[in-house]
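The next block holds one structure in the form of structure tokens; read it before the comments.
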Protein chains: 2
Amino acid sequence: MTLLLLVRWPHRDRTARITLTRPLPITLDRSSPIPLYFQVAQQIEALIDRGELPPGSRLDNEILLADQTGLSRPTMRQAIQHLVDKGLLVRKRGVGTQVVHGVVKRPVELSSLYDDLSRSNQRPGTKVLAVETGPCDDTIAAALRLAPGTEVVHLRRLRFAQGEPLAIMQNWLPTDLTELTAERLEERGLYELLRGVGVHMRVANQLIGARAATLAEGRLLNERRGAPLLTMTRTTYDDNGRAVEHGSHVYRPALYSFEIALVER
Amino acid sequence: MTLLLLVRWPHRDRTARITLTRPLPITLDRSSPIPLYFQVAQQIEALIDRGELPPGSRLDNEILLADQTGLSRPTMRQAIQHLVDKGLLVRKRGVGTQVVHGVVKRPVELSSLYDDLSRSNQRPGTKVLAVETGPCDDTIAAALRLAPGTEVVHLRRLRFAQGEPLAIMQNWLPTDLTELTAERLEERGLYELLRGVGVHMRVANQLIGARAATLAEGRLLNERRGAPLLTMTRTTYDDNGRAVEHGSHVYRPALYSFEIALVER
DNA sequence: TAGTGGTCTAGACCACATG
DNA sequence: ATGTGGTCTAGACCACTAA
């Protein structure tokens, strides 16, 4: 019977439905400041990570899950939607919710605006090449939504990972955010410093491309002139919608790449 | 007074609060199959596009907006959250909701899994270099979650934009999805063909990098050997969580780059 | 202190997929 | 016909921000 179906609708999922015999072991702490939906999402994610919810396995439906945990349906729904947005679950109306296949590697958080390299292998090193304040040119002014010629801070840093040069990072920021010194920048990432002074970064637009290394870039990165480099320019906005940072970075592609999860909503 | 504040908390938004004098002109069609929250989101987005809600302007609070439109607060909230997820709005508890600064360019839809190049300038052309069926190697098998040696379809295409070669695209797909022919692939994108036979793509993981062109790639792309190329490998999953496509593409960086919006949730 | 968004509840009706 | 997720309502309480 099943085989016949596969022949007639060959694009159907051919893996057997894996259904848990027991309800999900979710425990809630209603006195915690962590939202209930988030507690649920974290625990389901942990189950997926530990393989207790293998790829392709089906979750119970929303209403049943809500009953089992003692939550309302909208709250349980919010938890599940959170994991759908992260690319861990897939749902289809009339069918149900499944763990997505192919979770070898946790997709990089779309939501994280952390300094790109703080998650780089082991101790990332930083050498600050320049910290200067001066009038910005028209390009930077346009990116930061400032009047041309406004004073901005200009950073130029060289990043290392495991002793190897990894990236040249240039950034421009409004002068009034915080006092940036080479010492601080060599022990903490730029984003970490900004968060530490109360800047809440919310939205960023990134443009990722490639180009050949200049001679100067090659010297800094141990590459020859003309070697391919991965480039990223980015403007970041805070929770007031104000531009707080513009960056122009180049990476050695053998040591760094961008991993992105896309989700259809 | 305002100036004093700016001196004491200099990282605050220095733009004057722009508040609309009139309620948002939202009209609803309750008989439409389009969800109400989506109708609202579309109309607010249109207002932003037309400049009637300029960058930095503040929206009324959720409850007021819900009253004005005759919707419940959760529904209005869903509409606003939709635009926050798209990077158009920014909200802060205790403060309100604003249009984000810097909307020169509509960020590319994170949600869209459309064929990368169908949005490329004007008439994109395609030359199909190969359409073959055969056993896959271990790399492809792992990417598509198939047993090694399973038969798969292998595509190799050259993309043009305005007559210029733009990208070499290789893709591998399970054989049971649809019948792919060179003719079909030259008039429609791969994703469009897949959607046309009922495949609903939901999640994709992309890895973006760079490397030097090989001699063969250079010949196809009008580049010299060693020229920098932008690379993207991707695996796409459907609404059953099944891998439906794996791609490995190289792009000429002068003609193509990736634009991405990141949103902190 | 007042105003905002963040979270949560307990229902309801509907569209869609499946058998 | 049944079961699923998608949408919607009308409230409620809380945490955070700003004045």
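Chain naming here is simple, since letters A, B, ... match the order of the sequence lines and numbering starts at 1 in each.
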Check your understanding: For the side-chain contact (heavy atoms from CB on, under 4.5 Å) test, which of A:Leu28, A:Ile80, A:Leu65 pairs with A:Val40?
Key -> A:Leu28
Exercise for review: Would you please confirm or rule out a distance under 4.0 Å between OP1 or OP2 of C:dT4 and any side-chain N or O of B:Asn61?
Suggested key: yes
Exercise for review: Would you kindly check whether a donor in the side chain of A:Arg73 faces an acceptor in the base of D:dG6, or vice versa, at under 3.5 angstrom?
Suggested key: yes
Check your understanding: How would you label the contact of A:Ile80 with the nucleic acid (heavy atoms, under 4.0 Å): base, sugar-phosphate, or nothing?
Key -> nothing
Revision key, fill the gap. Residue pair A:Gly70/B:Thr97 against DNA chain C: nearer the 5' end by closest nucleotide is B:Thr97
Check your understanding: Distance only, no hydrogens: is a donor on one side chain within 3.5 Å (strictly under) of an acceptor on the other, for B:Gln39 and B:Asp29?
Key -> no
Exercise for review: Take B:His101 and A:Tyr237, measure what ring pair (Phe, Tyr, Trp, His ring centres under 6.0 Å) needs, and give me the verdict at the end.
Suggested key: CA-CA 8 Å; B:His101 290 80; A:Tyr237 302 87; 7.6 Å; no
Check your understanding: Within the structure, does a side-chain N or O atom of B:Arg93 lie under 4.0 Å from either OP1 or OP2 of D:dC14?
Key -> no
Review point. Heavy atoms, side chains only, cut-off 4.5 Å: are B:Leu194 and B:Asp238 in contact?
Key: no
Exercise for review: For the pair B:Trp172 and B:His246, name the ring-plane relationship: parallel under 30°, tilted 30 to 60°, perpendicular over 60°.
Suggested key: tilted
Check your understanding: Atom CG of A:Leu83 and atom P of D:dG5: how far apart are they, to the nearest Å?
Key -> 14 Å
Point to revise | Interatomic distance, A:Arg91 CZ vs D:dT7 P [rounded to whole Å] | key: 10 Å
Exercise for review: Go through A:Val131 and A:Val153 one step at a time and tell me if the side-chain contact (heavy atoms from CB on, under 4.5 Å) criterion holds.
Suggested key: CA-CA 7 Å; A:Val131 186; A:Val153 182; 4.3 Å; yes
Check your understanding: Between D:dT4 atom P and A:Met76 atom CE, what is the distance in whole Å?
Key -> 14 Å
Point to revise | Whole-Å gap separating P (C:dC14) and CD (A:Glu62) | key: 18 Å
Review point. Roughly how many Å is it from NE2 in B:His82 to P in D:dG6, rounded to a whole number?
Key: 14 Å
Exercise for review: Calculate the interatomic distance between A:Leu28 atom CG and C:dT9 atom C1'; express it in whole Å.
Suggested key: 14 Å
Practice item. Could you pick out which residue, A:Lys92 or A:Leu71, lies toward the 5' side of DNA chain C when each is mapped onto its nearest nucleotide? Key: A:Leu71
Review point. Between B:Arg58 (CZ) and C:dT4 (C1'), how many Å, whole number?
Key: 9 Å
Exercise for review: Establish, with yes or no, whether the OP1 or OP2 oxygen of C:dT7 is under 4.0 angstrom from a side-chain nitrogen or oxygen of A:Thr75.
Suggested key: no
Practice item. Assign each of B:Gln78 and A:His200 to its nearest nucleotide of DNA chain D by heavy atoms, then name whichever residue's nucleotide is nearer the 5' end. Key: B:Gln78
Point to revise | Distance-only donor-acceptor check, side chains B:Glu245 and B:Tyr191, under 3.5 Å | key: yes
Check your understanding: For A:Asp67 and D:dG3, what is the distance between atoms CG and P respectively, to the nearest whole Å?
Key -> 15 Å
Exercise for review: Could you tell me whether B:Ile63 contacts a base, only the sugar-phosphate backbone, or nothing, with contacts defined as non-hydrogen atoms closer than 4.0 Å?
Suggested key: nothing
Review point. Going through the distances and angles, do A:Leu59 and A:Leu53 end up as a side-chain contact (heavy atoms from CB on, under 4.5 Å)?
Key: CA-CA 9 Å; A:Leu59 267 61; A:Leu53 281 173; 4.3 Å; yes
Review point. Do the side-chain N or O atoms of B:Ser72 get closer than 4.0 angstrom to the phosphate oxygens (OP1, OP2) of D:dG11?
Key: no
Point to revise | Within residues 30-43 of chain A, residues whose heavy atoms come under 4.0 Å of DNA chain C | key: A:Arg30, A:Pro35, A:Leu36, A:Tyr37
